[in-house]
> 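Pasting a structure below so you can have a look.
Below, all heavy atoms of this structure are taken into account, side chains as well, without hydrogens, waters or symmetry copies. Predicted, not measured: the structure shown is a model, and the values here were computed from it. Each ligand, and each atom within it, is numbered from 1 in the order the structure gives.
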Amino acid sequence: MKKIALHWQILIGMFVGILIGFVAVQINGGDFIADWIKPFGAIFINLLKLIAVPLIIVSLLNGIGDLQDISKLSKMGTRTILIYICTTIIAVTVGLITVNTFGPGYKIKEETRNNLLENYASDASGKIEMAMSQKDQGPLQPLVDIVPDNIFRAMTENGSMLQVIFFIIFFGIALILIDPKDAAPVKAFVKGVNEVILKLIDIIMLAAPYGVLALMASLVVEAPSLDLFQALLWYGFCVILGLAIMIFVFYPLVAKAYTGFSYRSFFNGISPAQLLAFSTSSSAATLPVTMERVTEHMGVDEEVSSFVLPIGATINMDGTSLYQAVAAVFIAQALNIDLTFTDQIMIVVTATLASIGSAAVPGAGMVMLVIVLGSVGIPEAGLALIFAVDRPLDMARTVVNVTGDASVSMIVAKSLNKLGIPHPKGLKDHYVPPSE
Ligand code: ASP
């Protein structure tokens, strides 16, 4: 029997999961889903997260170890960061254009607004408190936070990926600088471990359709009532429209223009990672799969993907920044607060920075939104307005975050002559790595 492509398997898993969720809601089977189905979704996410840190360590070290000199590393680093900042600014701008065009905040009824503010006030205050503890720090604190004081502690925290990346780049630079004879065994060991981890990802992905099924079924059971979705329809529409423009227009077109990748091969390559991002709401949990897809199915040399993607998963969040821009303006509109042009520029700046600071986990974008709101004087309590629909929008923005990272890795690879060419035997989705 012909094997069904992975993205179809995952899509079927999602569909069946949603169906099971709906049936469970109808027959009051919510507890059954929570007790017997949801744990498998949690196990699947744990498995993905479990290999995220080891994967970053060995693949980054493997990639840096292959570089001949440090100037190459700094060239790649500068390009990566600059392109990441550009795509984020573009995303925020797209968000601002959609929200200003449709004015979703003006469409919300006063009664609904007051209900939402009342009902979600306590949920919102939890997020606000979390954000405040970050806001009280000095301007250079993020820089201090990148440098770990104990690498083993940093490695035990999935939230400290930037610290791990810092240490590995530091270690890798030393590896390039020492006598190649001494470096050889370290590199050989890292190469071997890298292969083992890639195999682990293959094995975990066998369970992806089932993991996704479990995640979707439990999400449907836990979703708030449809009435709330209706009240926030226009707001959700603006976020989704902006995200869709990024996913279906911006990234594939840029990839086509710059790397020659067709629309179809772009989506054939990246779609399993996109579906997983959607189901898990976490770019960090999706990272192993993004790495595998980009390297093995989109022709990006491992030297580039192992550097660009882990950094992207932590600092490049185009979807999150777009959502923050739409949400901030929506809340201002709903609360009748006028935003000047300067305020909107301020939103571009703070949403870009806030998305860099957001962790790659579910709901992180909303915590950092508090900082965007504060920068233009919108009351943080307004967060309560958008709380109810945050989860589905989080799922969608994570897809953009992951697609953005993958697209930038293709662009950086192409600019360094590290993007493969289509397989000579015409194997679909397979690329031959570039030869030096
Ligand atoms: N869930 C997003 C991610 O992991 C972050 C966010 O916007 O909340 O990329």
Side-chain angles (χ1 to χ4, degrees), residues 41 44-46 48-49 52-53 55-56 84 87-88 91-92 94-95 123-124 126-128 130-131 134 157-162 165 212 215-216 219 235-236 238-240 242-244 246-247 251 270 273-291 294 308-328 330 347 350-373 383 386-409:
F44 177 62
I45 294 199
N46 282 355
L48 284 169
K49 286 201 200 148
V53 171
L55 173 72
I56 292 178
Y84 274 153
T87 58
T88 307
V92 182
V94 169
D123 290 323
K127 297 269 178 194
I128 296 168
M130 259 155 109
Q134 298 187 25
E157 276 279 347
N158 276 347
S160 314
M161 284 208 201
L162 227 42
I165 293 172
V212 165
L215 288 170
M216 296 310 283
L219 269 176
Y235 159 67
C238 287
V239 178
I240 300 285
L243 296 176
M246 297 303 288
I247 299 177
Y251 298 126
I270 194 65
Q274 291 178 319
L275 293 172
L276 219 59
F278 186 77
S279 321
T280 60
S281 268
S282 165
S283 347
T286 313
L287 181 63
V289 182
T290 319
M291 289 264 237
V294 162
V308 177
L309 291 176
I311 295 183
T314 24
I315 69 164
N316 182 50
M317 305 219 173
D318 299 347
T320 302
S321 64
L322 186 153
Y323 143 85
Q324 286 169 337
V326 176
F330 167 77
I347 291 180
T350 45
T352 303
L353 294 175
S355 69
I356 292 176
S358 304
V361 295
M366 196 182 211
V367 175
M368 297 305 278
L369 173 61
V370 174
I371 297 184
V372 182
L373 296 180
L383 218 57
I386 55 165
F387 212 94
V389 290
D390 196 60
R391 182 61 197 228
L393 298 182
D394 189 2
M395 295 159 78
R397 65 188 187 242
T398 310
V399 177
V400 174
N401 292 346
V402 166
T403 314
D405 298 343
S407 309
V408 173
S409 77

> Mind checking side-chain hydrogen bond (donor to acceptor under 3.5 Å, both in side chains) for Ser409 and listing every partner two or more places apart, or none if nothing turns up?
none
> Only counting residues at least two apart or in another chain, list the ones meeting side chain to side chain contact (heavy atoms under 4.5 Å, CB included) with Thr87.
Ile83, Phe250, Asn316, Asp318, Val408
> If only side-chain N and O atoms count, and only distance matters, is there a donor-acceptor pair under 3.5 Å linking Gln274 with Thr403?
yes
> If the criterion is any heavy atom closer than 4.0 Å to an atom of ligand 1, which residues make the list?
Ser281, Ser282, Ser283, Met317, Thr320, Ala359, Ala360, Val361, Pro362, Gly363, Ala364, Gly365, Asp394, Arg397, Thr398, Asn401
> Output, in order, the C-alpha distance, side-chain angles, deciding distance and verdict of side-chain contact (heavy atoms from CB on, under 4.5 Å) for Leu162 and Ile165.
CA-CA 5 Å; Leu162 227 42; Ile165 293 172; 4.3 Å; yes
> Going by ring pair (Phe, Tyr, Trp, His ring centres under 6.0 Å), name the residues that satisfy it together with Tyr235, two or more places apart in sequence or in a different chain.
Phe330
> To the nearest 0.5 angstrom, please state how far the CD1 atom of Ile247 sits from the CZ atom of Arg397.
13.0 Å
